[in-house]
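Small disclaimer: the values here were computed from a predicted structure and weren't measured. Index from 1, following the sequence.
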Amino acid sequence: SLNMLIEKQRLVAVESPVREQFESGLRALTDAEQDSKELKSAKRHLLFESIVNTVELPFPVGTPSADGAVVKDSLTKSYVKKAAEAIYKDLVRKKIAVDKRRPDGRGTEEIRPIEVEVGVLPRAHGSGLFTRGQTQVLSTLTLGTAKEGQRIDDLSLETDRRYMHHYNFPPYSVGETGFMRGPKRRDIGHGALAQRALEAMIPPADEFPYTIRIVSETLESNGSSSMGSVCGSTLSLMDAGVPIKAPVSGIAMGLVKEGDDYVILTDIQGAEDHLGDMDFKVAGTRDGITALQMDIKITGVTQEIMRNALEQAGRARNAILDIMLDTIPEPRAELSQNAPRITSIKIEQEQIGLIIGKGGETIRGLEGDYEVQIDIEEDGTLLIYATDGEKAEAAIAAIRALTKTPEVGDTYTGKVVKTTEFGAFVELKKGTDGLLHVSNVGPGRVAHIEDVMARGDVVDVIVQEVDKARGRIGLKLVAKHEDGKLIQPEELVERAKDAPPRPPSEERPRRDGDRGRGRGGDRGGRR
């Protein structure tokens, strides 16, 4: 349109005098990329201010002031600045593509200095600090229970997510002030890229039944912080003891193409990103790529360029991985002592009701006694969550005892729930009783079981026989609990000898648990 033609002509009108008068200053500025951000920014600001105010243009540009100097109008100033930026961009691009010299003096494949730390936050379940030049990312990992996954309510097929990666880019990371609000689209995209890079390396839920959340905070940024967060996340996963399949590293690559001259740059930073023709981020393990994101601003990126770029990126990724693995060569064998302990065991589906109990009584009792949380899946998988590993083990032992079928040789401590003429029924576990026959009390004869024990007594017994067809379990007495002491069977037999004689069964008062009258009671009545 007319506006575009006018704008183009205005730029052409000011560009030539700006280049003639200030090209040497702008060329010197291209070497400032290796300075610190503050110094580079100051140099740029001073030079551009000088160009805008002092450039001499071959046409009238404003009104003369009292001292005879001409004050440029705001429109002219904006076009002078645009022209200076266009010349600066052109100088940087030619320096990279033709002269093969990067703005900060690095070689094309040279990566900025890297520093790696793990375990930097003592209370977090895992943490990693990754620094590459002027880019620094702190990744913090939290482990949660299986129920704490993120529910996804969108049009995708994914319904819930057990591995989450969130990325934050606070204004102070680039030396600015601003509101600390929710993540922007860019932040969400960077978080998704890092999540995709590591998702395939996360162990399945049956191997590692935890929900994993990583938050990557960009503390300083000049260059790819999303790839920094991939490296930081790998470090935090290994620091937390998550058994990832393989460590992942990432690198940002760039391309500058001037005519037939092109150069591929490893580990690009600010200026190379803004002024380049393509930037792409590659993350992966030693064996292959797990995530790739590209931003192509030109046509004519050939297959050869891409092949060379990916090979160059692979060399950089492996070099970064070597530095990371020098600090932490493999995931820690033990989880952090602050992390929840999640243990899974499998029971038969028909035993689920036994674990839940009447109205949830059994499962609530287990959770209260052992300070754990128990989830039951439909297939009989039990997930036990605890902050204390010993309590988790004790809860598992109790569940195994509840669900185990009694076998010959097993020992139990149980309560006498019923006495009969021929012995006592002992509760071995919830819903399972065994019979301690009167002849199995000790090494001598006991006339009546009630001479040695009553309902409510606690006894140690051993399983002597299991008749699965009839559903009978035969027990032998090991010891009886009395006032915190164990009374041996021999002593109980001696006590039985001194017991007073009992009346015939039909005259005896009815006791709880008696199955009607004793033998012969009815016959006696028929005579």
Are I289 and L310 packed together at the side-chain level, in the sense that at least one heavy-atom pair is separated by less than 4.5 angstrom?
yes
When every non-hydrogen atom of K346 is compared with those of D379, the smallest separation belongs to CE-O, 3.1 Å
Applying salt bridge (charged side-chain N to carboxylate O under 4.0 Å, His left out) to E109 and not counting sequence neighbours gives R315
Residue set satisfying ring-ring contact (aromatic ring centres under 6.0 Å, His included) with Y385, at least two apart, ordered chain then number -> none
Check whether Q351 reaches the backbone of T403 with its side chain - one donor and one acceptor, N or O, closer than 3.5 Å. yes
In terms of the angle between their ring planes, are Y167 and F169 parallel, tilted or perpendicular, with boundaries placed at 30° and 60°?
parallel
Tightest non-hydrogen contact, residues S229 and A194, listed as OG-CB, 3.6 Å
Residues passing the salt bridge (charged side-chain N to carboxylate O under 4.0 Å, His left out) test with D267, sequence neighbours excluded, are R106, R112, R132
What one should report as the nearest heavy-atom pair of V256 and G276 is CG2-CA, 4.0 Å
* Have H165 and S233 got a donor and an acceptor in their side chains that come within less than 3.5 Å? -> yes
**Asked** With a 4.0 Å cut-off, would you call D287 and K245 a salt bridge?
**Response** no
Only one of L265, T266, I251 passes side chain to side chain contact (heavy atoms under 4.5 Å, CB included) with Q312, and that residue is T266
Practice problem: Report yes or no: does T234 contribute a side-chain atom to a donor-acceptor pair with the main-chain N or O of V230 at less than 3.5 Å? | Solution: yes
A84 and I51 have their tightest heavy-atom pair at CB-CD1, 4.1 Å
Q: Output yes when a side-chain donor or acceptor of Q373 lies under 3.5 Å from a complementary backbone atom of E367, and no otherwise.
A: no
| said: The test is side-chain contact (heavy atoms from CB on, under 4.5 Å); show your working for Q136 and L129 and say whether it passes. | reply: CA-CA 7 Å; Q136 185 173 66; L129 184 67; 3.8 Å; yes
Nearest heavy-atom approach of A83 to V14 is CB-CG2, 3.8 Å
### Task
Would you please say whether a donor-acceptor pair under 3.5 Å links the side chains of S127 and T140?
no
Taking C-beta and beyond as the side chain, do R286 and D322 meet within less than 4.5 Å on heavy atoms? yes
Looking only at heavy atoms, the pair that brings P203 and F208 closest together is CG-CB, 3.6 Å
One should read off an interatomic distance between M164 CE and T211 OG1, to the nearest 0.5 angstrom, of 5.5 Å
>> Taking A283's backbone N and O only, do any of them form a donor-acceptor pair with T290's side chain (distance below 3.5 Å, no angle check)?
In response: yes
With M324 as partner, the option from L235, V118, I114 fulfilling side chain to side chain contact (heavy atoms under 4.5 Å, CB included) is L235
Could you go through L335 and Y210, starting from their C-alpha distance and side-chain angles, then the distance that decides it, and tell me whether this counts as side-chain contact (heavy atoms from CB on, under 4.5 Å)? CA-CA 12 Å; L335 294 181; Y210 287 87; 3.0 Å; yes
